[in-house]
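The next block holds one structure in the form of structure tokens; read it before the comments.
In each ligand, atom 1 is the first atom listed, and ligand 1 is the first ligand listed.
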Amino acid sequence: MAYSYMPGFGNDFETESLPGALPQGRNSPQRPAYGLYAEQLSGSPFTAPRGANERSWLYRIRPSVKHTGRFRPADFPLWKTAPNLNDHEMAIGQYRWNPASVPQEPTDFLSGIRTMTTAGDALGQSGMAAHVYVANTDMVDDHFFNADGELLVVPQVGGLRFITEMGVIEIKPGEICVLPRGVIFKVVPIDGPVRGYVCENYGAKFTLPNRGPIGANCLANQRDFKTPVAWFEEKEKPCRLVVKWCGRFYVTQIDHSPLDVVAWHGNYAPYKYDLASFSPVGAILFDHPDPSIYSVLTSPSGEEGTANIDFVIFPPRWLVAEDTFRPPWYHRNIMSEFMGLVHGQYDAKAEGFVPGGISLHNMMLAHGPDSSGYEKASHAELTPVKLDHTLAFMFETRFPQMLTRYAAESPNLQRDYIDCWRDLKKRFNGTPEGDWS
Ligand SMILES: [Fe+2]
């Protein structure tokens, strides 16, 4: 089945899955059509400035108070929340991991989340966590919402169907999906076992970065973001709702599906985006610009230009710069960089950084092309070259990313990653020409 979407980023959408279900000219009529309940979902304080004010009105079979009973604690031991300090004994360093393997036993999206790093403080609504997920089963009658932050999902293997209370989103590798804080959903792997990455954003909602002198077009364009039309089910059978709240998990039993929103309107809603529709802008004469030119989404921190999180991609693109070391330069950074690879090769690391893998270059820890990458790029003939069939990405945050015990003790940790720079030669020999032998 093909699902329908509405184009635009942060629009004031309206959608109904039964004719006349959406009240017109008012939000809360005395008796809504079809006997529905009207309910507001606030994604910003009531008094947020107009441009940042986000809320939606949901018209549903039962109000959300009926979608929770008494809560009891639930256990998702590999899903960690910041602050999560002193979780392991490993020293600082540049780290890289091979892909997580999908377990043999039945694992759904929630129990398949494994936190790699946490940053900032969820209780202070700043920072993030970087997770990988692996799953092989449907959540069936389980549902979830996250009070701690929104979830940016980056699939790497297999498609996912997110059945949310505001509509259905399907994504495959190469696309992303954002699930706002508080929105109820369940996840169905579409075509077998799945793996991917999740950025849990405790801070300000992701928005589009300013383009500055680039102007009104390119990078991620508003119309390419897709929000689902309303979809509901009337399912009267035992279901569960799991809630993540201040780093802890709770579950409640209900006797029906909470996915019962027949119509809604507003600007607080889930969305998807195909990363192939990102229009990259880059150097057309010389030098390698900062990777911020590839920012798809940004979560502002309140300090201008200092993001809580930037979601940056490294998509297929032409390299044409003259007299330029074309791969990313050597770098030390106040921001902390968590990278993943959806498919292909990353230009600074031809080997070792594999699809599904992860690298972490934390605050002020040096990184850059490996020895063979440097050798190749410093001797390459600089004809136009297309970097094709590649898609890497970065969750970059102003906060240091603290490793979890799971990440520190993972058998997938590449203990020899640091050796990728071992063979970088001293080229300085006192002459202006240097030693490029
Ligand atoms: Fe960097």
Side-chain angles (χ1 to χ4, degrees), residues 91-97 116-120 127-130 132 152 154 197 199 201 209 219 275 278 280-283 286-301 303 305-317 319 321 324-342 344-355 357-378 387 390-403 407 413-414 417-422 424:
I92 59 167
Q94 303 91 333
Y95 291 118
R96 194 165 66 186
W97 291 264
M116 300 296 293
T117 70
T118 65
M128 57 163 266
V132 294
L152 163 65
V154 184
Y197 309 86
C199 180
N201 174 14
L219 312 185
L275 297 171
F278 185 87
V281 170
F286 64 88
D287 268 356
H288 182 106
D290 294 330
S292 45
I293 53 168
Y294 303 130
S295 295
V296 180
L297 293 165
T298 187
S299 159
S301 73
E303 188 173 336
T306 304
N308 180 60
I309 309 166
D310 283 324
F311 173 60
V312 177
I313 60 170
F314 301 93
R317 60 204 183 273
L319 302 180
T324 290
F325 182 76
R326 287 179 175 177
W329 17 253
Y330 292 98
H331 188 202
R332 292 178 296 160
N333 191 357
I334 189 169
M335 305 277 280
S336 293
E337 308 174 15
F338 176 103
M339 282 190 67
L341 185 62
V342 177
Q345 268 185 1
Y346 177 61
D347 57 333
K349 306 269 170 47
E351 281 167 33
F353 184 36
V354 300
I358 292 161
S359 71
L360 179 67
H361 300 126
N362 234 323
M363 178 175 68
M364 286 302 171
L365 295 182
H367 54 282
D370 59 21
S371 316
S372 64
Y374 185 82
E375 188 68 31
K376 224 166 104 183
S378 56
L387 273 183
T390 180
L391 183 60
F393 71 89
M394 178 161 68
F395 303 146
E396 184 176 25
T397 171
R398 68 177 301 182
F399 300 104
Q401 296 193 38
M402 312 310 289
L403 284 188
L413 179 67
Q414 297 179 0
Y417 175 43
I418 188 80
D419 297 336
C420 77
W421 297 293
R422 184 187 53 204
L424 283 168

Inspect the surroundings of OH in Y330 and state if more than 12 heavy atoms from other residues, nucleotides or ligands are less than 6.0 Å away.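 Yes - once you tally the heavy atoms of other residues, nucleotides and ligands closer than 6.0 Å, there are more than 12.
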Would one find an N, O or S atom of H361, in either backbone or side chain, under 2.8 Å from the Fe ion (ligand 1)?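 Given the 2.8 Å cut-off, H361 does not count as a ligand of the Fe ion (ligand 1).
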Contact check: E396 to the Fe ion (ligand 1), N/O/S below 2.8 Å: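 Short answer: no, not a single N, O or S atom is under the cut-off.
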Please report the interatomic distance CD(Q414) to CH2(W97), rounded to the nearest 0.5 Å. 10.0 Å
Centroid-to-centroid, Y374 to F325, below 6.0 Å? yes
Ring center gap for F395 and Y197 short of 6.0 angstrom: no
Given the Fe ion (ligand 1) as the apex, I'd like the angle to OE2 of E337 and ND1 of H331, rounded to 10 degrees. 100°
